[in-house]
Amino acid sequence: MRIGVYICRVGVETGDGANLEAVGHYMANLPLVESVRSLGLLPRIDPEAMADEIAADELDRIVIAGDSPGFFKPAFTRAMSLAGREPDEVRLASFREHGVSGDGATERAKAIAACAVYGVPFTLAARPMDTKWNPATLVIGGGIAGIQAALEIADGGKRVYLVERTGTIGGHMAMFDKTFPTLDCAACILTPKMVAVGQHPMIELLSYSEVESISGVAGAYRATVLRHARRVKEDACVACGICSDVCPVKVPSEFDAGIADRKAIYIPFPQAVPNAYIVDEASCTFVQTNGQKCGACAKKCPKECIDLDARGEVLQLEVGSVIVATGYEVLDASRLERYGYGVQPNVLTALEFERLTNASGPTGGRIVTKSLRHNKRKKVDEWVLDPEGESPKSVAIIHCVGSRDANYNAYCSRVCCMYSLKFAHLVKEKLPDAACYEFYIDMRAFGKGYEAFFERIQDEGTFIVRGRSATVTDHAGQMVIKGEDILSDSVVEFPVDMVLLAVGLVPAERSDELARMLGVPRDEYGWFTEADYNGDPTGTERGGVYVAGVCQGPKDIPDTVAQASAVAARALEGAMTGRGLQSLASLSLSDIEARAKNLVPAS
Amino acid sequence: MTFEPKIVGFLCNWCSYSGADLAGTSRIHYAPNIRVIRVMCSARIDPTFVIKALADGADGVLVCGCHPGDCHYSEGNYKTMRRMPLLKRMLADFGIEEERVRLEWVSASEGKRFADIVDDMTERLRELGPSPVKMALAGDAGER
Amino acid sequence: MAEPRTGVFICNCGTNIAKMVDCDAVAEAASSMPGVAVSRSYKYMCSNPGQEMIAQDIADHGLERVVVAACSPRMHEPTFRRAAETAGLNPYLVEMANIREQCSWVHDDAVAATEKAEDLVRAAVLRVAHHEPLERLTVDMCPNTLVIGGGIAGTTAALELADAGELVYLVERQPGLGGNVGRVDLTAPYLDSARDMLTDRITRVVEHPDVDVMVNSELKRLDGFVGNFKATIAVHGPDGAEEERQVDVGSVIVCTGYREFDAARATHFGYGKLPNVVTSFEFERMLRAGRIETKEGGLPQYVAVVHCVGSRSEEFNGYCSRVCCMTALKYAHEVKSALPASYVSDVYVDMHAFGKGCEDFYRRSAEVKTLFLMYGKGEHPVVRRADPGDDCEMLITVDEQLSGETIELPADLIILMVGMEPREDAESVAHLVNISQDKDGWFIESHPKLDPVATTTDGVYIAGACQAPKDIPDSVAQARAAAGRILGKISKGKLEIDAMFAEVDEDRCSGCRVCNEICPYSAIEFDAAERRSHVISALCKACGACVATCPSAAIKARHFTDAQIFAEIAGVLG
Amino acid sequence: MAIRANPKLIEELEPYGAEDVMKCYHCGNCSAVCPFSQDPYVFPRKPMRNLQLGLEEKLEGDLDPWLCYYCGECSDQCPRDAEPGETMMSLRRWLTSRYDWTGISRLFYRSWRWELGAIILVAVITAIAFSLFGLSQGSLADYDGPNAFLPSSAIHIFDWALAVVLLVLLLSNATRMWWFTMGRDKTLRTSLGGYVRSLWMLPAHFLTQIRYSQCDRKAPWVTHLALMLSYVVMLVLIMFFLAEMASGPSIDWRVHVLGYLATAGLVVSTILFLRNRTKKSAPQYQHSHESDWIFLVLILVVALTGILQHILHRSGLDVAANVTYIVHLSLVVPMLALEVPFSKWSHLAYRPLAIYLAHVRAIALARSRQGDEAARRGAEPATPLRAA
């Protein structure tokens with residue numbers, strides 16, 4: 001058999017680092033390789049000419065090597081058939097797709113290339129050896145993904161350490177009111193799981209903690225976890241709330257997305273798990289003044305479980321598997337000045353609206369516009385949410401805020417279309433007379449039951465405007481939203497009382513650090529890179545390190561939960577058998593080469 | 001002094017009972033006239049429970065379950081939804097005003113809603129006065 | 001009968017309860033309630049001293065029942081049950097009265113609140129008298145798993161379980177593994193080789209000692225329940241001979257996938273009439289053969305890809321098939337690669353480029369000058385032969401939304417993106433494994449958000465496109481998820497069943513079978529011989545729907561018996 | 001009535017600069033941010049769409065590109081980097097070549113070699129022609145007086161001759177423009193009255209370019225206006241006061257002060273534009289077509305040679321002055337003869353004309369719409385709330 005190698009590159013999202021020249025030389029010396037040609041960046045291949053070349057070289061197999069070489073495969077396949085050769089004999093050495101990046105990129109590229117030359121799938125030849133496995137699992141992130149994964153593993157009778165950065169588990173889902181498309185209430189389906197985590201004998205819940213460092217190898221990782229000082233004894237606190245009644249400090253509540261205040265000693269939300277109060281050292285007078293001032297809460301606590309001088313502690317954990325479920329944050333809407341967020345009082349982000357419309361939110365679920373109030377203490381007029389305030393007569397929802405946009409996030413955030421439709425429903429349900437507009441580009445209702453949901457929203461009388469709106473401006477106290485209504489081919493301006501921004505998702509803060517600690521690459525947008533886009537969407541470069549949920553890329557709750565259970569499967573495998581696969585990097589080029597040789601199908 | 005009705009509430013464990021708890025954790029005050037009995041699912045609520053409650057002197061019975069579509073057991077609340085109207089019609093034949101038996105959907109995040117329902121029902125029952133069953137029983141007791 | 005010796009413990013919860021409820025008064029009142037041997041009020045019952053006090057009293061006073069009036073049982077019931085257990089009392093003999101969340105915290109009239117607290121405590125005392133000691137049952141969990149369908153989802157699930165050392169029976173109808181993915185050359189959005197991915201999986205499945213692959217086979221019967229299924233599989237030999245195999249499995253994963261929409265049904269596209277209108281799968285074959293040609297053997301100058309064929313339409317399937325958009329963009333790239341001189345148009349409704357890397361893929365297809373035309377949902381493009389003199393073979397008439405014009409689009413080759421449909425045998429499979437289908441025929445998951453791979457039948461899971469259209473990564477994730485759920489159960493060895501489940505009193509049962517229908521988990525079996533129904537406790541989720549329904553009051557909900565609840569009613573009403 | 005799409009048209013447009021238009025996914029952001037984009041002229045998205053689909057006739061009949069002043073806001077905010085502003089610019093170039101019946105314009109825009117070649121050719125011919133003429137009837141040593149090398153009277157006649165030719169070319173092209181955009185649209189119910197009543201807009205917009213000032217970015221308008229006014233002033237001076245301009249050595253303040261101002265205006269504005277384009281300081285300067293460079297450089301050198309010639313003459317160096325004069329003329333002639341009818345300068349005429357026609361068209365449309373107003377409203381997804 002005579003093999004011809006063609007090295008070409010797609011200019012986009014290239015895995016950095018591989019020395020293609022070296023790879024070329026290496027391939028030239030592989031058995032049966034007749035020719036190695038480099039076609040450079042984004043070559044325009046003429047199949048006819050290529051066919052002549054192939055015929056002249058009498059090639060029986062073509063190997064296209066590079067980042068996403070598949071983009072050129074059809075040209076070569078056609079060339080092969082034009083040359084009267086076996087068109088199926090075009091093999092891909094997909095560098096980027098199999099993790100060619102960073103140091104060791106060239107070696108990895110060579111290995112991938114070798115497999116392609118031998119006609120053996122890389123994933124088959126490059127299957128790492130297995131190794132001893134510590135049955136315990138570390139789950140990083142206490143959102144729905146982390147909760148689900150932790151419960152799956154713990155229900156399997158295996159030890160789980162669940163590390164959560166904030167004072168409670170629950171993540172973003174706990175903030176939501178309803179969940180699309182079934183509109184069941186997030187609390188009803190989430191809180192039982194949270195309670196289960198809190199009471200599970202096999203789960204050690206480390207809330208208000210962060211992973212400081214991770215060392216070791218697949219099956220035997222050692223994690224250093226910093227437990228921040230909660231300053232309230234977790235198991236002793238009965239969440240009576242006397243402490244926060246006496247606390248004089250008010251700061252915006254994270255859980256209420258800033259549309260309501262909390263005290264410096266607070267419980268994120270009533271059903272928080274662990275169900276204990278927490279001192280926010282950043283705003284606590286006592287902490288800030290090194291005990292000079294205040295300390296009222298500690299004096300008032302009937303159970304004397306507040307220790308304002310408590311210090312954080314450092315824990316060492318030994319685990320076999322690490323599950324990353326750090327989720328996301330939402331894009332800072334003030335970056336898009338044209339939508340007036342932060343300037344117009346009644347321009348809200350999606351999360352703010354979730355809290356506003358939530359029965360347990362600051363207005364008890366009443367959708368109201370902010371009203372101007374005079375703050376006597378500060379002596380300033382400020383916009384406040386008054387539960388008795390006026391409800392908006394018209395609401396506009398803008399899709400793709402910062403998503404699908406070269407100037408912000410080029411990617412689609414996957415959930416915005418549906419939650420925007422959900423918002424439209426909530427508005428129509430609570431304010432039947434209010435006009436509601438959706439400004440969208442493509443309505444991405446792809447999931448099970450989503451299309452039907454979209455139709456339902458249309459039937460409810462929401463105006464669906466095809467066209468991403470451009471500006472939100474103030475015309476003499478009246479907000480006006482302007483955009484092109486493409487389907488009616490005209491520029492429209494609507495007076496609106498409230499604008500909801502469907503802000504896109506961005507990776508959680510500190511995920512870059514975490515990626516470095518774990519040695520797991522991230523894509524150009526900061527999402528964790530999976531081991532294999534199709535074949536292994538929840539695995540990573542590192543053996544025993546798995547990713548679940550949005551931290552791997554935007555996705556909705558069902559897909560997140562599925563991924564969470566999927567990573568649990570991997571962790572359980574290790575825990576049950578006491579063995580698991582090492583990192584891909586543990587295999588040397590020669591190992592892979594040798595394996596590939598043996599795997600060559602006899603023909 | 002005004003008549004203070006006694007209300008027996010049957011709440012499903014997953015949505016409504018959590019909702020009632022949330023009213024507590026959020027310190028939302030409501031009338032002390034209700035006595036809550038927890039069941040796993042509103043579908044467990046046998047019509048005889050309601051009758052028994054009325055017979056034992058309750059002035060009203062409140063039945064709460066998950067919102068349609070939210071049932072922890074996927075469709076239990078639909079059974080309740082069908083069952084209650086029948087029961088009410090039967091009770092009506094016995095001269096029991098239909099306001100005395102009330103079916104409501106309360107989710108785990110609707111603490112406020114639960115409180116409002118209890119207040120509202122208490123108010124209505126105050127206006128309605130003691131349950132005829134109670135009166136009848138009292139009457140019997142008197143004759144003996 | 002003599003009431004059992006009961007201890008009542010009133011928690012003050014600091015002042016949380018005490019400031020609105022006169023705890024000592026309640027304790028005092030409780031002491032005179034039936035059977036109460038000891039009644040105390042204490043600052044914090046949940047604290048260690050509090051728990052020790054309970055344990056101590058159980059020992060000292062030989063308590064047979066315990067009532068704790070404190071916070072919500074959802075918060076501390078496990079705590080007090082454990083406390084009782086340490087003192088040797090069956091945890092189910094403990095009852096809580098919620099006098100915090102549902103009393104002291106929600107009332108502002110101390111007298112009324114105290115009165116209410118007394119009622120609640122009385123209810124608990126009367127109720128607990130009827131409690132029975134309950135044991136959590138366990139049933140054996142057979143570690144073997146039956147996977148139905150050998151596509152990408154099936155093979156993935158099988159490998160996941162087998163790699164954990166568990167035995168898997170993989171049943172595939174077709175002669176070979178691979179399913180629909182086997183018909184695809186490259187995968188969107190990175191145009192990686194689908195064949196390599198499949199070869200990898202299939203090789204490993206076939207060579208795996210713990211996977212028993214049965215091709216040309218199908219499930220005939222499934223008996224039993226979670227952890228203890230008996231599956232009957234018909235294996236068709238090459239010579240047409242059919243042999244039956246009986247296997248014991250603890251769990252079943254259904255990965256039967258989908259079939260493509262029959263393009264001929266959407267007549268306006270001219271499929272079957274016009275020679276150069278092909279389906280996506282037919283086009284995949286052209287790609288593989290390296291012969292992207294018209295039937296006449298010429299090279300198409302204009303190639304058009306049409307989205308949503310049979311999807312998102314009133315007349316055919318209302319739902320979105322989820323993968324077609326990206327596959328269509330893939331074709332745009334592939335045509336440009338094979339035929340650089342050609343012009344590619346893409347006729348779509350909404351571009352569903354939602355997956356990771358997909359929006360970039362969409363952008364890139366625009367950069368290689370694909371012409372996108374948007375038609376309205378509910379409308380459809382019409383294909384006709386071009387007129388002589390046109391430089392193309394066919395014309396597609398589209399009410400183009402973005403221009404507001406009716407556009408005639410030239411085309412020599414038209415690729416129809418046919419949507420996904422449940423397989424023709426989906427209904428029979430659903431019937432065999434006792435799961436249900438939605439209105440479109442897809443299998444229904446037990447909860448769309450919190451349990452997307454489980455079904456209402458314990459031990460039976462669904463993964464991949466048989467649950468709803470899905471791309472490869474999402475199918476793989478689901479397949480693993482299903483494996484994960486099963487591994488969790490296997491790893492425990494035995495299935496733990498909560499002590500609260502329903503029981504049928506066989507003597508009272510009239511065999512009317514009303515309960516059989518009412519149970520959402522089909523946990524109630526009918527014994528035809530005995531003409532009695534009985535509950536498979538392993539499947540019962542203790543909702544009690546059957547109990548309330550049974551006309552002959554023959555069903556008992558453990559821990560929520562009629563007697564207990566009647567007692568509670570009597571209690572709250574004083 | 002179905003329109004045939006032409007996927008090939010985009011290839012025709014690329015040489016004019018429309019390289020990114022296919023990237024557009026129609027979010028409509030550009031049309032919404034543009035201050036000029038209003039019913040019935042919604043752009044840039046709409047023309048971009050017509051271009052993507054290759055709806056040639058629609059594009060030809062489109063006035064929208066001329067209503068855009070390329071402030072660059074749309075390109076700035078475009079989520080797909082589809083360069084709406086540049087696309088409109090390219091369309092203006094393409095339209096110019098479409099209006100031009102000679103086909104020369106198309107040649108120039110598609111290949112700068114042709115444009116530059118033509119300029120050089122015309123320049124050389126002019127130089128030779130005027131040299132021979134000068135030598136034949138005067139002396140190189142004399143700038144003016146009876147023996148003048150290039151007597152202003154003669155030049156004056158030549159100027160007028162050239163002017164007439166240009167006018168004919170421009171008018172014929174303008175007529176084609178009218179035909180494409182108004183004339184051949186049978187559905188349009190225009191009235192002569194409409195044309196007449198709006199006639200004032202032509203000079204008004206020509207001289208003030210007031211619309212330009214409505215863009216968010218004001219600076220370009222000022223420079224643009226300066227360049228245009230200087231040019232017009234210079235044109236008037238030359239066409240009507242050439243004698244006074246050429247007279248000397250004493251300075252005739254009645255005309256020269258204007259001359260100086262105009263020259264200064266030309267030099268400064270062209271230099272500013274050149275600087276912006278080299279620095280790519282704003283979106284509208286990101287993509288410079290060869291024709292843009294040629295145009296600016298040409299004007300600059302014309303102005304400079306003009307100044308030089310003026311100074312030399314005033315300093316009594318008549319020979320040098322005459323030689324410079326030749327050079328000056330050999331640049332002026334191609335600038336007028338080629339740039340005005342066939343290249344960038346033509347927008348001087350097309351833009352005001354387009355604004356005028358657009359106005360007339362809008363009136364006509366409004367009238368024909370009144371009839372089926374109700375029906376149209378019903379068809380729209382939007383509501384009575386829609387602000388007028």
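Naming: A, B, ... by sequence-line order, numbering from 1 per chain. Everything numeric here is computed off the predicted structure, so don't read it as measured data.
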*So which of B:Ser18, B:Cys12, B:Cys71 has the largest heavy-atom pair count under 4.5 angstrom toward chain C?*
B:Ser18
*Which atoms of C:Met500 approach chain B - backbone, side chain, both or neither, heavy atom under 4.5 Å*: side chain
*Would you say B:Asp56 and C:Phe566 make side-chain contact, with heavy atoms under 4.5 Å?*
no
*Any side-chain heavy-atom pair of C:Cys543 and B:Met40 under 4.5 Å*: no
_Let's test your reading of the structure: which of C:Ile518, C:Thr549, C:Leu120 forms the most heavy-atom pairs below 4.5 Å with chain B?_
C:Ile518
*What part of B:Ala31 lies closer than 4.5 angstrom to a heavy atom of chain C: side chain, backbone, both or neither?*
backbone
*asked:* When you compare the side chain of B:Ile37 with that of C:Ile569, does any pair of heavy atoms fall below 4.5 Å?
replied: yes
*Any idea which heavy atoms bring C:Arg74 and B:Asn13 closest together, and the distance?*
NH1-O, 3.3 Å
*asked:* What part of C:Asn16 gets within 4.5 angstrom of chain B, counting heavy atoms only: side chain, backbone, both, or neither?
replied: side chain
*Just wondering, do C:Ile565 and B:Val39 contact through their side chains at under 4.5 Å, heavy atoms?*
yes
*Pick from B:Phe114, B:Phe49, B:Trp14: which one has the most heavy-atom pairs with chain C under 4.5 Å?*
B:Phe49
*Does the distance from a Lys or Arg side-chain N to an Asp or Glu carboxylate O, for B:Asp21 and C:Arg100, drop under 4.0 Å?*
no
*Taking all atoms of both residues into account, what is the closest heavy-atom pair of C:Pro520 and B:Glu75, and its distance?*
CB-OE2, 3.9 Å
*Any side-chain heavy atom of C:Leu573 sitting closer than 4.5 Å to one from B:Val8?*
yes
*Tell me, do B:His29 and C:Trp105 make a side-chain contact under 4.5 Å, heavy atoms counted?*
no
*Could you tell me whether C:Glu77 and B:Arg38 make a salt bridge, using a distance below 4.0 angstrom between a side-chain N and a carboxylate O?*
yes
*Check whether any side-chain heavy atom of B:Lys6 lies under 4.5 Å from a side-chain heavy atom of C:Asp119, and answer yes or no.*
yes
*asked:* Taking every non-hydrogen pair under 4.5 Å, which of B:Gly76, B:Gly111, B:Ala58 racks up the most with chain C?
replied: B:Ala58
*Is chain C contacted by the side chain of B:Thr48, its backbone, both, or neither, given a heavy-atom distance below 4.5 Å?*
both
